[in-house]
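Chain letters run A, B, ... following the sequence lines, proteins first, then strands; residues in each count from 1.
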Amino acid sequence: MVRGMHLTRIGADAVLLEPGEGLDPGEPDRYLVALGDYLQAARARRLIYDLDSVPVVDALYYDWLKAVHGLCRVIGVEMVVANMAPSVAYALAARLDEVPPFACARDVERAR
Amino acid sequence: MTGGNMNREDGETRSANEILVEQLMVNVGRISGVIEERGHNIFVQGNILSREEISDYSVEFMELFVMLLQHEGRSDRSSEEFRALQQFFTTMSQQILMRGGDMEEFVRYLQFMQNVMIEDLGRDAEITPEQTRETLLLLAGVFNDIILDVYRVYLEQKESTIEAQQAELREISTPITEIWDGVLTLPIIGTLDSSRTMVVMEKLLGRIEQDRARVVLMDVTGVMAIDSQVSHHLVQMIRAIGLMGARPVLTGIRPEIARALTSLNIDLGDVTTRATLAEGLKEAFHWLGVRMADARTPA
């Protein structure tokens, strides 16, 4: 288990990450190594990051998502962000000055 | 002679309010009759107000005006009596505007009311020039405030009409349609300014979520010119579509628009572009795994 997030294996090679309330996106170093360990142990090929319970993606949270994506890329795991709410997408698109490095899917089912 | 002098002295101490109240009391029938008649000529003949409405308004105006003049704080524009008179004219002007009446006519009607009272001053031989001046100033002050209020109401009504028309125009100028299961089209016509982008994006992202759209075809055939602001909004929309998990396809980019985009050094990212909406739809079918067959071709 990794503190601050709920990880579930779905299907043969995918892992679903549901962030919990205890997650501090400002401290990626507290989670990344443990997350990498989990993904490798699970032989994951894909990490589905579920934003369903995330009401706002600000600059800090976006950097956290990029940090998770960076880790996944290095260990050969594709990261897909799912369930972004319209208001979150709207605000994030208005602020971004780059194409997000991670893939996005409408929901977890489509991200698999 | 002595009695006449006494009256003269009493008359000289009367305030502008008292003079007007006295005039209105004595000549109420004649003044309201004249005001009513003019109201009939303007509003009844124009089918804006009925004969009964004009009569009711005339009576109410006279009552409210007398109440205002009798109020102790004579020049107090925040008094309840003055507010009641303002409200009366606000309601009347709103009704006239809603029924297609002319604001200029209404203001002329207000000026006519004022003139009727000024003319009546001339009939009172006991008023001194100083009292006449004060009374004229009082009338001018009250009626000017009322006319300003009426214009404020008129402008507010105009603004709300314009806003409603703009909202309607925005609504019909960005029709988002699901042309295939999971495929939305968004034809963009005209210019994408900040407020329109906001409306379009809100609607579009909501539809992506609601219809669980996989592909969004943004057709810019109707965009005549593009500048850095428009292209910035276009990029924002493309990004937002991608974040929602749908694939954006930009169609209908005319050579002039393409040239402008390269001149502006705009990076559309990895968005797919196609020349026409039909080509974009083919691309969407390709992604969705939909195969089209020509029914005329024998199997």
Side-chain angles (χ1 to χ4, degrees), chain A residues 10-11 14-19 25 46-69 72-73 78-112, chain B residues 174 176 178 181-184 186 192-216 218 228-248 250 264-273 284 287-289:
Chain A
I10 49 171
V15 168
L16 175 68
L17 187 161
E18 293 166 290
R46 178 169 293 193
L47 173 70
I48 302 167
Y49 196 113
D50 190 355
L51 283 181
D52 196 35
S53 61
V54 180
V56 178
V57 175
D58 56 11
L60 188 74
Y61 206 97
Y62 179 70
D63 285 343
W64 154 249
L65 289 176
K66 285 208 304 185
V68 176
H69 171 262
C72 288
R73 201 178 56 179
E78 186 195 4
M79 174 176 158
V80 183
V81 170
N83 277 326
M84 192 178 291
S87 56
V88 175
Y90 179 97
L92 190 55
R95 213 179 41 245
L96 283 183
D97 52 6
E98 62 177 16
V99 179
F102 44 81
C104 295
R106 185 64 246 119
D107 50 37
V108 173
E109 192 54 41
R110 284 200 185 154
R112 291 176 71 172
Chain B
T174 49
I176 299 166
E178 189 177 29
D181 195 18
V183 182
L184 295 177
L186 170 67
L192 269 181
D193 59 18
S194 299
S195 67
R196 191 171 169 213
T197 305
M198 199 171 79
V199 174
V200 173
M201 267 173 66
E202 248 179 54
K203 272 178 68 180
L204 180 64
L205 301 183
R207 281 293 296 270
I208 292 172
E209 188 186 39
Q210 178 197 317
D211 298 345
R212 296 167 52 79
R214 287 168 178 267
V215 184
V216 177
M218 293 169 66
S228 61
Q229 197 197 22
V230 174
S231 54
H232 174 70
H233 290 135
L234 212 53
V235 170
Q236 254 184 36
M237 287 172 78
I238 289 166
R239 291 226 174 105
I241 293 166
L243 289 167
M244 290 290 292
R247 284 192 182 203
L250 203 55
L264 291 164
N265 214 8
I266 301 297
D267 179 16
L268 292 174
D270 53 358
V271 66
T272 306
T273 55
W287 280 333
L288 296 173

Item to complete: Verify the neighbour count for atom CG of A/Asp63: are there more than 12 heavy atoms of other residues, nucleotides or ligands below 6.0 Å?
Response: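 Counting other residues, nucleotides and ligands, CG of A/Asp63 exceeds 12 neighbours.
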Going by atom type alone, with no hydrogens or angles, which donor-acceptor pairs under 3.5 Å involve a side-chain atom of residues 92-103 of chain A and a protein atom two or more places apart or on another chain?
from	atom 1	to	atom 2	distance (Å)
A/Arg95	NH2	A/Val57	O	2.6
A/Glu98	OE2	A/Tyr62	OH	2.7
A/Glu98	OE2	A/Lys66	NZ	3.0

Fill in: Pairwise distance CZ(A/Arg106) to CG(B/Asp211) - rounded to 0.5 angstrom
11.0 Å
Could you tabulate the donor-acceptor pairs under 3.5 Å formed by side-chain atoms of residues 82-90 of chain A, not counting sequence neighbours?
from	atom 1	to	atom 2	distance (Å)
A/Asn83	ND2	A/Asp50	OD1	3.0

Worksheet item: Under the salt bridge (Lys or Arg N to Asp or Glu O under 4.0 Å) test, which residues partner A/Asp107, sequence neighbours left out?
Response: B/Arg212
Practice prompt. Select all residues of residues 198-210 of chain B having any heavy atom within less than 4.5 Å of some heavy atom of chain A, and report them by number, or 'none'.
Written response: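 From residues 198-210 of chain B, the residues near chain A are B/Met198, B/Met201, B/Glu202, B/Leu205, B/Gly206, B/Ile208, B/Glu209.
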